[in-house]
Amino acid sequence: MPSSVDFRSVSVEPILHDINLQIRAGEAVAFVGRSGAGKTTTLRLVNGLARPTAGEVLVDDVGLSKTDLIALRRRTGYIIQGSGLFPHRTVYQNVATVPRLLEWTDAQIRPAAEEIMGKLDLPLARFGDRYPRSLSGGEQQRVGIARAMIAKPSILLCDEPFGALDPIVRRDLQDAFRVLRSGVTILFVTHDLAEAMRVAERIVLFEGGRTVADSSAATFTKQPLPLVQRLVAAASLPA
Amino acid sequence: MIDEVLRATGEHILIVVIAVGVAIIAGIPLGIWCARNLRAGRVALRIIDAIQTIPSLALFGFLIPVPLIGGIGMRTAIVALILYSLLPIVRNTLTGIRGVDPIVIDAGVAMGFTPRQLLREVELPLAMPTIVAGIRIATVVGIGVATIAAAIGGGGLGTLIFRGVSMVDSRLILAGALPAAALALVADVVLSFVERRLVKG
């Protein structure tokens, strides 16, 4: 079940100032903007990796200050640049991390791992026993996605997940990602507008710790705001 | 003669194993604490560092008049060796834990590891090769310092060396020196092997 996320006058001084955002359950929202604009901090507020200095973040209408953060994190997927895979654990053990924390049995974990890894073009039989170091950057990131998605999270937080990959692998992963995006609320940080338009249906633009534009992906580029037009010009979007 | 060398070697191993064992049991938690409380940890490390710089024979000298742990004999030797072994183990535990990739820690926290689970399942396993390197250094240094412990009646292979020196008997000196050197080399090789096996992936 996807969750709703609600930012109510949230500040994280000195980075974020008075953020107000309502994200509906099941929505896929991209946060775009320059480095240091506050996108990542906003994302990290949702799983309690960053704490507000004022205001409140609500998930399914419950304030995070009243929520068991450990339980919330176990149903929140998190995908980051560089994947953050455990180097001392095999691909299968990495993918099985959250199910193990949730105390699933092996009989439950294996089929779930087969399914999610199959969808990501990572056959368990071929990849399960390998260590992350032996994989390519794109494969590592696929394992990172499988690890984040296996337990069917209600929210998926993505922080520049494809930032370090070459353009072709990046495109492949964006396509793989689109297949998985039903049934989960997605917050996706990127500075690539073309990527934002491919993975999300709504785009929020950050600048200087504030949200300065918020619209559907389809109409985002039509806005006259100079910063939007500069982003569009920089993104070399398909006509 | 053979009997005596074997007995002294056994004694030597016993001293080092007890001392390094205690240093591991105390040093790893202390190193974890230092990694969590970096400022206080630096002070703790500085103190242990200062102990390490005291020449071993002088440290034995300082310990002899201390009640309960001091005096002449094996107990004082073991206490001194524990103090010596502590530094590499505490420092390497600290270095190993601080050296874990912060992105990996971030991912672990974000997936809902409790702090205890994160320590046991991520930080300690990834720090383990470094910690074992500390144990190896502690053991090799300990085997060396333990030979000097004979000067305060600590027993071990040093007894043969000191006796050989005073009797100007080079066979007796070698009967102590060769096994001591061999022990240090074997410990180094075995623990280096363990260290390498722990690096996975």
Side-chain angles (χ1 to χ4, degrees), chain A residues 40 43-50 67-91 93-103 129-135 140-141 143-144 147-151 153 155-161 164, chain B residues 24 27-29 31-32 35-39 89 91-136 190-201:
Chain A
T40 293
L43 192 79
R44 291 166 67 92
L45 282 166
V46 179
N47 60 359
L49 292 183
T67 303
D68 174 3
L69 278 181
I70 299 287
L72 172 70
R73 287 168 183 160
R74 290 176 185 175
R75 60 184 182 86
T76 303
Y78 186 60
I79 311 174
I80 46 181
Q81 185 167 351
S83 80
L85 296 178
F86 297 140
H88 60 304
R89 292 193 166 171
T90 63
V91 166
Q93 289 168 336
N94 266 285
V95 172
T97 303
V98 176
R100 275 194 39 238
L101 290 171
L102 295 170
E103 295 175 353
D129 293 332
R130 290 172 65 177
Y131 283 93
R133 206 162 303 174
S134 73
L135 305 178
Q140 288 183 16
Q141 204 49 267
V143 177
R147 185 173 73 168
M149 299 288 284
I150 183 172
I155 305 171
L156 186 59
L157 306 174
C158 309
D159 191 1
E160 293 273 5
Chain B
I24 290 170
I28 292 178
I32 293 167
R36 296 273 181 271
N37 309 275
L38 212 51
R39 192 169 300 177
I89 293 172
R91 177 148 53 202
N92 279 36
T93 303
L94 169 69
T95 311
I97 287 181
R98 302 289 302 178
V100 176
D101 184 347
I103 293 173
V104 171
I105 303 283
D106 205 44
V109 173
M111 282 189 291
F113 278 89
T114 62
R116 181 185 289 260
Q117 286 169 327
L118 195 68
L119 178 69
R120 207 179 46 219
E121 297 186 35
V122 180
E123 293 174 293
L124 278 181
L126 287 172
M128 203 44 86
T130 315
I131 295 173
V132 172
I135 294 171
R136 176 173 59 80
V190 169
L191 288 167
S192 295
F193 177 75
V194 174
E195 202 178 307
R196 276 197 305 275
R197 284 299 298 271
L198 283 169
V199 182
K200 280 197 196 164

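Naming convention: chains lettered A, B, ... in sequence-line order (proteins, then strands); numbering from 1 in each chain. None of these values were measured; they are calculated from a predicted model.
A/Arg44 touches chain B through its side chain: at least one heavy atom from C-beta onward sits under 4.5 Å away, while N, CA, C and O do not. Proximity to chain B (any heavy atom under 4.5 Å) is restricted, for A/Thr97, to the side chain, taken from C-beta onward.
With rounding to the nearest 0.5 Å, the separation of CE in B/Met111 from CZ in A/Arg74 is 10.5 Å. With rounding to the nearest 0.5 Å, the separation of CG in A/Leu69 from OG1 in B/Thr114 is 13.0 Å. One finds the CD atom of B/Gln117 at 8.5 Å from the CZ atom of A/Arg100 (value rounded to the nearest 0.5 Å).
The local environment of CZ in A/Arg75 is crowded, with over 12 non-hydrogen atoms from other residues, nucleotides or ligands closer than 6.0 Å. In this structure, B/Asn37 places its CG atom where more than 12 heavy-atom neighbours from other residues, nucleotides or ligands lie under 6.0 Å away.
For the pair A/His88/B/Val104, no side-chain contact is recorded, criterion being any heavy-atom separation below 4.5 Å from C-beta on.
Across B/Ile103 and A/Gly84, no two heavy atoms sit closer than the pair CG2-CA, 3.6 Å. For the residue pair B/Ala107 and A/Ile80, the shortest heavy atom distance occurs at CB-CD1, 4.3 Å. Scanning all heavy atoms of the two residues, the minimum distance from A/Tyr78 to B/Ala110 falls at CD2-CB, 3.1 Å.
Checking each of A/Leu101, A/Val98, A/Ile70 against B/Phe113 for a side-chain contact (heavy atoms from CB on, under 4.5 Å) leaves exactly one that passes, namely A/Leu101.
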